[in-house]
Amino acid sequence: MSYPLLDEVSCPLELKKLARADLPQLANELRNYLLDSVSQTGGHFASNLGALELTVALHYVFDTPHDRLVWDVGHQSYPHKILTGRRGQMHTMRKQHGLAGFPKREESEYDTFGVGHSSTSIGAALGFAEAAKLKGEDRHAIAVIGDGAMTAGQAFEALNNAGHRDVNLLVVLNDNEMSISPNVGALTNYLSKLLSSKFYNGIRSKSARVLEAVPPLKELAKKGEEHVKSMLTPGTMFEQFGFNYIGPIDGHDLDTLVTTLANIKELKGPQFLHVVTRKGEGYKKAIADPVKYHAVTPFEKEDGMQGVKAAKVSYTKVFGDWLCDMAKVDKRLLGITPAMREGSGLVRFEQENPDRYFDVGIAEQHAVTFAAGLACEGLKPVVAIYSTFLQRAYDQLVHDVALQNLPVVFAIDRAGQVGADGPTHAGSFDLSYLRCIPNMVVLTPSDENECRQMLYTAFLHEGPSAVRYPRGTGPGVEVQSVMTAIPMACAEVRRRGSTIAILAFGPVLASALEAGDALNATVVNMRFVKPLDGGLIAELAASHDYLVTVEEGAVMGGAGSAVLENLMAQDLCKPVLLLGFPDRYIEHADQAVQLAECGLDAAGIEASIRQRWAI
Ligand SMILES: Cc1ncc(C[n+]2csc(CCOP(=O)(O)OP(=O)(O)O)c2C)c(N)n1
Ligand SMILES: CC(=O)[C@@H](O)[C@H](O)COP(=O)(O)O
Ligand SMILES: [Mg+2]
């Protein structure tokens, strides 16, 4: 495939040299290049196809990086990366030491703000805009936010703040009616009203026809039309927030995009451009199934993504199956997801229990408080949420759930390192931020079967609880269909050795057992971070010279810290080595590589122990 125009564009300055008439051809080449590249590397796909023309137009009209362009989530920024000098690195996308899957300040001056979590772009862009004003710099700040990301409260907090500020801020809403799954909520319905614009245009054309006959009234009607418009179009809402609303316009029509953006560039004050795109645009299979093609593994362009039968069951599937089974047992069970139906394994649960399934949009804070409200009424909500995204709802977990000791189960997926998504998505801190909360019970399954049993144990608990499990599959143990509660705070010794006792929390148990074999150490599956099995800890301290804790989470404040506190509380003093994530961010790579980098593979655990005590 040749890319004659794209070959001339290694930066936006070179893009600007192209005639406007050449932009559609450039976009065509860019789309072909994107398809070639992502079909080989995998990564986020449909969103990049949908935001492609918008990306070309933004870099063509604005003077990036002098004008600050902020992407929301940033999963749609691959065309941006290609146009800003990183085309030659696209084959390294999301690979170790390669391009990050999201904009990253250290990667390029064009990546003005690091993203990955949604709905931060408007707030950050406002920061850029206010800074320009304070520093007397003449520059634009542009936030590009999707309709999914628009469902988060943080986006509206920023709109509310920005709308009454006299700053050069442009918010571009990329509306494709999709989140990862179809978008949800009243805002979506509100935006859709406009997209079915025949309704509004029908009103307009009818009133215009009638009024042609009586010209003097036409002016009056113009006012009337504005009033009609103000009742019907979403611009009204954004205008109520103090923005000048423009749109909706076709987000794949480069001529319209360039003309509109060029006009907006000359305006002062907060501007809101509503752009309508199609997720997956330009690749039929992705258009047909934007959910499946939101993120892809490498695939043949002609054949598309082929469903491969997974050799082992993922923790996510274990959760999804448990949720469906438990729903049959207890009618009080409800399933809640903040816009991660597929990722959290809730597709089957929704099909089987549509009235007990709640996708609240990208609204983690609301998801948790909503669960608390449900629990107050005697229901048993299960909040399915990624560890990293639960960070968004920490106050709600403390204030609305734990303080009131409400029976909410947090099914925490993607706990630990997550691989290609990198540090923005790593589940590094949940053990640290959960165990310090009174009333919380925190369980760490070491394999797929224990995950099911712990979810059951958590569900039976009459208070708040969290079960945390990693992205992907476990050691491949058989998952028993029977559900058996695990006695609270009960750890289990998995290997008897001497001198050294290794206390493992979660799936790292497998590596700990390997290291234990090499060191003839005792190895314990701790199972609970809170409450801890203090009796066993005392027994181990009395019968071993050294203790080691191992967890797939931050060492600081994590499970190992809990063991230290427990030892001190029992006046037990023993040398303890804490193994887990170091106090820095682990860059994107395969999960196994990341864990090895943290010294959490078997060799790493053994080496750390030998090195610490010169064994
Ligand atoms: C706080 C947070 N919650 C959830 C996610 C997971 N997530 C990534 S992209 C996405 C959907 C975004 O939809 P939209 O903003 O409309 O972008 P599109 O994919 O449609 O281009 C979600 C839910 C996230 N990145 N951040
Ligand atoms: C961009 C985003 O936040 C999601 O698409 C996320 O990358 C999904 O992660 P998983 O692939 O682990 O489900
Ligand atoms: Mg969308």
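Side chains are part of it too, since the values below use all heavy atoms of this structure and drop only hydrogens, waters and symmetry mates. The shown structure was predicted, so the numbers you read here are calculated from the model rather than taken from an experiment. Atoms within each ligand, like the ligands themselves, are counted from 1 in listed order.
The option with the heavy atom closest to atom 3 (N) of ligand 1, from among H117, E364, Q391, is E364. Residue H425 holds the heavy atom nearest to atom 2 (C) of ligand 2 of all those in H75, E342, H425. For atom 18 (P) of ligand 1, the nearest non-hydrogen atom from the set H425, H75, M150 belongs to H75. Proximity annotation for atom 11 (C) of ligand 1: of S179, G148, A393, A155, S179 comes nearest, heavy atoms only.
Taking atom 5 (C) of ligand 1 as the reference point, the nearest protein heavy-atom neighbour is F389 CZ, 3.3 Å. From the protein, the heavy atom lying nearest to atom 6 (C) of ligand 1 is M340 SD, 3.5 Å. Scanning the protein for heavy atoms near atom 10 (P) of ligand 2, the closest one is R414 NH2, 3.5 Å. Regarding atom 1 (C) of ligand 2, its nearest protein heavy-atom neighbour is H44 NE2, 3.3 Å. Protein heavy atom closest to atom 8 (C) of ligand 1, with residue, atom name and distance, is V73 CG1, 4.0 Å. Annotation: atom 26 (N) of ligand 1 to nearest protein heavy atom, S118 N, 2.9 Å.
Donor-acceptor pairing under 3.5 Å is recorded for the side chains of T388 and H117. Between the side chains of D400 and T369, at least one donor N or O lies within less than 3.5 Å of an accepting N or O. For the residue pair S344 / D413, no side-chain donor-acceptor distance below 3.5 Å is found, with atom types taken as modelled. Looking at D111 and H80, their side chains do bring a donor and an acceptor atom within 3.5 Å of each other. With hydrogens and angles left out, the side-chain atoms of R471 and S314 include no donor and acceptor closer than 3.5 Å. A donor-acceptor pair shorter than 3.5 Å can be found between the side chains of K279 and H294. Counting only N and O atoms by type, the side chains of Y245 and H274 include a donor and acceptor under 3.5 Å apart.
Close contacts of ligand 1 with N176, meaning ligand atoms under 4.0 Å from a residue heavy atom, involve 18 (P), 20 (O), 21 (O). Set against the non-hydrogen atoms of F102, the atoms of ligand 2 under 4.0 Å away are 1 (C). The atoms of ligand 2 that sit less than 4.0 Å from any heavy atom of R471 are 10 (P), 11 (O), 12 (O). Listed by number with element, the atoms of ligand 1 under 4.0 Å from a non-hydrogen atom of S47 are 18 (P), 19 (O), 21 (O). The distance from ligand 1 to the heavy atoms of A149 drops below 4.0 Å at these ligand atoms: 14 (P), 15 (O). Counting the atoms of ligand 1 from 1 in the order shown, those under 4.0 Å from a heavy atom of R392 are 1 (C). Less than 4.0 angstrom separates some heavy atom of V73 from each of these atoms of ligand 2: 1 (C). Shown in contact with F389 at under 4.0 Å from a heavy atom are these atoms of ligand 2, numbered in order with element: 3 (O). Contact atoms of ligand 1 toward G146: 14 (P), 15 (O), 16 (O) (distance under 4.0 Å to a heavy atom of the residue). Within the listing of ligand 2, atoms 6 (C), 7 (O), 8 (C), 9 (O) sit less than 4.0 angstrom from a heavy atom of D421.
Judged by the shortest distance from any of its heavy atoms, V418 lies outside the 4.0 Å radius around the atoms of ligand 2. Ligand 1 has H294 within reach: a non-hydrogen atom of the residue lies less than 4.0 Å from it.
Here E597 pairs with R584 in a salt bridge; the nearest charged N to carboxylate O distance falls below 4.0 Å. The pair E587-K104 counts as a salt bridge, with a side-chain nitrogen and a carboxylate oxygen less than 4.0 angstrom apart. Using a 4.0 Å cut-off between charged nitrogen and carboxylate oxygen, E352 and R348 count as a salt-bridge pair. Checked for salt-bridge contact, K285 and D303 miss the test: no charged N lies under 4.0 Å from a carboxylate O.
Polar contact with ligand 1: absent for Q76 (N/O pair, distance under 3.5 Å). Ligand 1 has no N or O atom lying under 3.5 Å from any N or O atom of P338, backbone or side chain. Ligand 1 has no N or O atom lying under 3.5 Å from any N or O atom of A339, backbone or side chain. At a 3.5 angstrom cut-off on N or O pairs, G116 counts as close to ligand 1.
Counting heavy atoms under 4.0 Å from ligand 1, residue I362 touches it through the side chain alone. Looking at I180 against ligand 1, both its backbone and its side chain come within 4.0 Å, counting heavy atoms. Neither the backbone nor the side chain of H117 comes within contact range of ligand 2; no heavy atom lies under 4.0 Å.
Residue L434 is tested with V398, V529, V442 for a side chain to side chain contact (heavy atoms under 4.5 Å, CB included); the sole match is V442.
With hydrogens and angles disregarded, no donor-acceptor distance shorter than 3.5 Å links the side chain of E107 to the backbone of P103. Using a distance-only test at 3.5 Å, with no hydrogens or angles considered, no donor-acceptor pair links the side chain of N174 to the main chain of V276. Looking only at distances, a side-chain donor or acceptor of E450 sits under 3.5 Å from a matching main-chain atom of S446. In this structure a side-chain-to-backbone donor-acceptor pair under 3.5 Å is present from R31 to E281.
Among the backbone and side-chain atoms of N183, no N/O/S atom is found under 2.8 Å from the Mg ion (ligand 3). Here M178 reaches the Mg ion (ligand 3): one of its N/O/S atoms is less than 2.8 Å from the metal. Between the Mg ion (ligand 3) and D147 there is an N/O/S contact shorter than 2.8 Å.
At a threshold of 4.5 Å between non-hydrogen side-chain atoms, the residues V171 and Q271 do not count as touching. By the 4.5 Å heavy-atom criterion applied to side chains, V382 and F319 are counted as neighbours.
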